Number of protein chains: 2
Amino acid sequence: MKHHNLPATSPAETEILRLIWQLKRATVQEVCHQLPAARKIAYATVQTLLRRLEKKGYLKHDLEGKAHVFYPSVEQDHVIRRSVGDFLDRLFGGDPRPLMQFLAEDGRLEAKDLDQLRKLIENT
Amino acid sequence: MKHHNLPATSPAETEILRLIWQLKRATVQEVCHQLPAARKIAYATVQTLLRRLEKKGYLKHDLEGKAHVFYPSVEQDHVIRRSVGDFLDRLFGGDPRPLMQFLAEDGRLEAKDLDQLRKLIENT
DNA sequence: ATTCTACTTGTACAAATGTACAATGAAGGA
DNA sequence: TCCTTCATTGTACATTTGTACAAGTAGAAT
């Protein structure tokens with residue numbers, strides 16, 4: 001897998017793409033089941049999003065029986081890198097520090113996460 | 001300024017909104033000048049984006065001579081909180097840790113930033 | 001063989017996005 | 001006063017996004 005320059009994913013597409021990463025390979029159904037309960041969205045819609053992701057180059061699929069089994073065709077890391085980069089540019093002018101700070105202060109992180117982060121920072 | 005639930009900003013809008021936060025108050029021109037050189041985008045386009053941001057409730061404006069002077073009408077912090085939240089949900093299923101880790105490893109942070117972050121984490 | 005299923009493919013369609021031109025109007029300079 | 005200069009407002013328009021139905025089809029069940 002190499003670094004191609006794919007068109008950006010829309011928010012809804014991103015959400016689906018994440019589920020594919022999580023599942024490694026998945027049919028439309030499986031993706032649907034993986035959707036958080038709060039996020040009700042029709043089978044057909046998921047299908048469209050998967051189709052679009054494939055068209056954009058983020059996914060490929062195999063045929064397994066009659067169903068398409070989708071899987072990533074670009075490294076998650078590459079996509080994340082770009083997404084985070086874009087996000088930083090847009091919202092913070094590219095400076096990662098305010099985001100870091102925001103996350104650190106946000107309280108979403110548990111004590112043990114902070115510990116881990118400390119360790120991570122230590123040997124960086 | 002209170003927490004209203006405004007429609008999300010598009011990426012291009014977000015970029016402009018950031019500049020307004022940076023400048024506190026600004027005319028279309030000033031926003032244009034603040035745009036990174038790489039990002040060439042017509043005056044008229046910036047105008048449209050500012051108009052849309054105002055319509056969505058993110059900005060207000062005063063009249064100063066013939067020009068509109070735009071300024072934020074919601075707290076930056078609130079907007080950022082929501083944006084980051086959405087971003088985390090979409091790309092990381094809401095878990096801030098992978099993003100933290102990504103940022104920490106990314107090398108975009110200088111040594112002194114890491115120091116600061118350490119301190120920040122220390123007293124959290 | 002017929003019907004039921006689970007899928008895919010084609011298509012739809014309103015709203016949002018990215019981008020920008022044209023017309024209009026007031027303010028300042030010649 | 002008349003022209004030039006900015007700015008605003010109205011409008012435009014192709015594309016992308018979010019969401020989804022309908023028709024077609026192959027395999028499973030009866």
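So that the names make sense, note that chain A is the first sequence line, chain B the second, and so on, each numbered from 1. All values reported here derive from a predicted model rather than from experimental measurement.
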task: Return the nearest nucleotide to the side chain of A:H68; candidates are D:dT17, C:dT9, D:dC6.
output: C:dT9
message: Classify B:T48 by what it touches in the nucleic acid, base, sugar-phosphate, or nothing, heavy-atom distance under 4.0 Å.
response: base
- prompt: Between D:dG18 atom C1' and A:R51 atom CZ, what is the distance in whole Å?
  reply: 13 Å
query: Over how many whole Å does the gap from B:H33 atom NE2 to D:dA7 atom C1' extend?
result: 14 Å
message: Over all strands shown, is A:P7 touching base, sugar-phosphate only, or nothing at heavy-atom distances under 4.0 angstrom?
response: nothing
field: Whole angstrom value for the distance that separates P of D:dT25 from CG of A:L63
entry: 16 Å
- prompt: With respect to the side chain of B:A67, which nucleotide from C:dA20, D:dT8, C:dG18 is positioned closest?
  reply: D:dT8
field: Pairs flagged by ring pair (Phe, Tyr, Trp, His ring centres under 6.0 Å) wherever residues 9-64 of chain B is involved - sequence neighbours left out
entry: B:H61-B:H68, B:H61-B:F70
- request: Kindly point out which of C:dT9, C:dT19, D:dT19 is positioned nearest to the side chain of A:R52?
  value: D:dT19
- prompt: Taking the side chain of A:Q47 as its heavy atoms from C-beta onward, which of D:dT9, C:dT5, C:dT9 lies nearest to it?
  reply: C:dT9
task: Send over the distance from B:H61 NE2 to D:dA7 P, rounded to a whole Å.
output: 14 Å
- line: Against the side chain of B:K66, the closest entry in D:dT8, D:dA7, C:dT19 is D:dA7
task: Taking atom types as modelled, find out whether B:Q101 and B:E105 have a side-chain donor-acceptor pair closer than 3.5 angstrom.
output: yes
- request: Mind calculating the distance between CD1 (A:I16) and C1' (D:dT16) to the nearest angstrom?
  value: 17 Å
message: Rounding to an integer number of Å, can you tell me how far B:L53 CG sits from C:dT17 P?
response: 10 Å
task: Check whether any side-chain N or O of B:Y43 sits under 4.0 Å from OP1 or OP2 of D:dA7, and answer yes or no.
output: yes
query: NZ of B:K55 versus P of C:dG18: gap in Å, rounded?
result: 15 Å
- request: Starting at atom CG of A:L50, determine the distance to atom P of C:dA6, rounded to an integer number of angstrom.
  value: 19 Å
- request: Following the transitive rule for hydrophobic clusters with a side-chain heavy-atom cut-off under 4.5 Å over Ile, Leu, Val, Met, Phe, Trp and Tyr, establish whether B:L49 and B:V69 coincide in one cluster.
  value: no
message: Of the options D:dA7, C:dT17, C:dT8, whose atoms approach the side-chain atoms of B:E13 most closely?
response: C:dT17
message: Judged by each residue's nearest nucleotide on DNA chain D, which is more toward the 5′ side, A:T45 or B:Q29?
response: B:Q29
query: To the side chain of B:K56, which of D:dT17, C:dT17, C:dC21 is closest?
result: C:dT17
task: List for me each residue that meets side chain to side chain contact (heavy atoms under 4.5 Å, CB included) alongside B:V46, sequence neighbours excluded, and say none if there are none.
output: B:I16, B:V28, B:V31, B:C32, B:L35, B:I41, B:L50
- prompt: Is there a donor-acceptor pair closer than 3.5 Å between any side-chain N or O of A:T14 and the backbone N or O of B:R90?
  reply: no
- request: State which of D:dA20, C:dA20, C:dT8 makes the closest approach to the side chain of A:I41.
  value: D:dA20
